[in-house]
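Working notes for the structure below.
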Amino acid sequence: TLFRSVDPANVTQVNVSLRIWKSTFITASIHSLNLIVSAELKSENTTMVLNNNDQRRETVIKVSKELHTGRVPLWVILLSAFAGLLILMLLILALWKAGFFKRPLKEKMEE
């Protein structure tokens, strides 16, 4: 029981936080975790009319492990390496065309 009494208001909100460490959850022998949150609304005020169907709420939150290992296909690795080398070659070519690799000291020595 979290609250014995709640001040009168139009809206009352309760936030509950839960942290499950990923490493603990992965090494555990369970595959999923169900968190069941239930709440019940009761009023001692007889002038307040409550609908009997809306007095109890229950929410289920399910956290599951992934069953596959998450391996990356070989073609993705090869394509990424090729694209990276292509970008590197284009960058070097652009810098070379812009004169970035010219040595001013070498030109002065030749004169």
Side-chain angles (χ1 to χ4, degrees):
T1 304
L2 288 176
F3 302 102
R4 286 285 177 198
S5 64
V6 178
D7 293 331
N10 291 337
V11 176
T12 301
Q13 180 176 340
V14 178
N15 294 327
V16 178
S17 298
L18 172 72
R19 289 187 183 185
I20 301 172
W21 296 105
K22 185 177 178 181
S23 59
T24 305
F25 189 64
I26 289 174
T27 57
S29 61
I30 59 173
H31 293 291
S32 65
L33 174 70
N34 288 334
L35 175 65
I36 301 171
V37 180
S38 45
E40 187 173 356
L41 178 64
K42 292 182 182 179
S43 176
E44 296 175 358
N45 187 352
T46 57
T47 59
M48 184 179 213
V49 178
L50 294 175
N51 187 353
N52 289 335
N53 297 333
D54 295 332
Q55 289 183 359
R56 184 166 182 80
R57 295 283 180 185
E58 191 169 275
T59 304
V60 178
I61 301 169
K62 185 173 184 176
V63 180
S64 300
K65 285 185 185 180
E66 292 182 5
L67 296 178
H68 57 83
T69 59
R71 299 183 71 187
V72 179
L74 182 62
W75 69 270
V76 172
I77 296 171
L78 293 175
L79 184 65
S80 300
F82 178 73
L85 289 174
L86 184 65
I87 291 172
L88 180 63
M89 286 176 27
L90 291 174
L91 181 65
I92 290 172
L93 180 67
L95 289 172
W96 180 63
K97 287 287 186 181
F100 183 78
F101 298 109
K102 288 186 179 177
R103 296 183 186 175
L105 183 60
K106 184 179 176 184
E107 290 175 0
K108 286 182 183 178
M109 289 178 71
E110 289 178 356
E111 292 178 359

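Keep in mind that this is a model prediction, so the values were computed, not measured.
Residues Leu95 and Leu93 are members of one and the same hydrophobic cluster, defined by side-chain heavy-atom contacts under 4.5 angstrom among Ile, Leu, Val, Met, Phe, Trp and Tyr. Phe100 and Trp96 end up in the same hydrophobic cluster when Ile, Leu, Val, Met, Phe, Trp and Tyr side chains are linked at under 4.5 Å.
Side-chain heavy-atom separations under 4.5 angstrom define the hydrophobic clusters, and the remaining members of the one that includes Ile77 are Val72, Trp75, Val76, Leu79. In the hydrophobic clustering, Ile36 connects to Val60, either directly or through intervening members, whenever side-chain heavy atoms lie under 4.5 Å apart.
In terms of heavy-atom proximity, Ile92 sits nearest to Phe101 at O-CE1, 3.9 Å.
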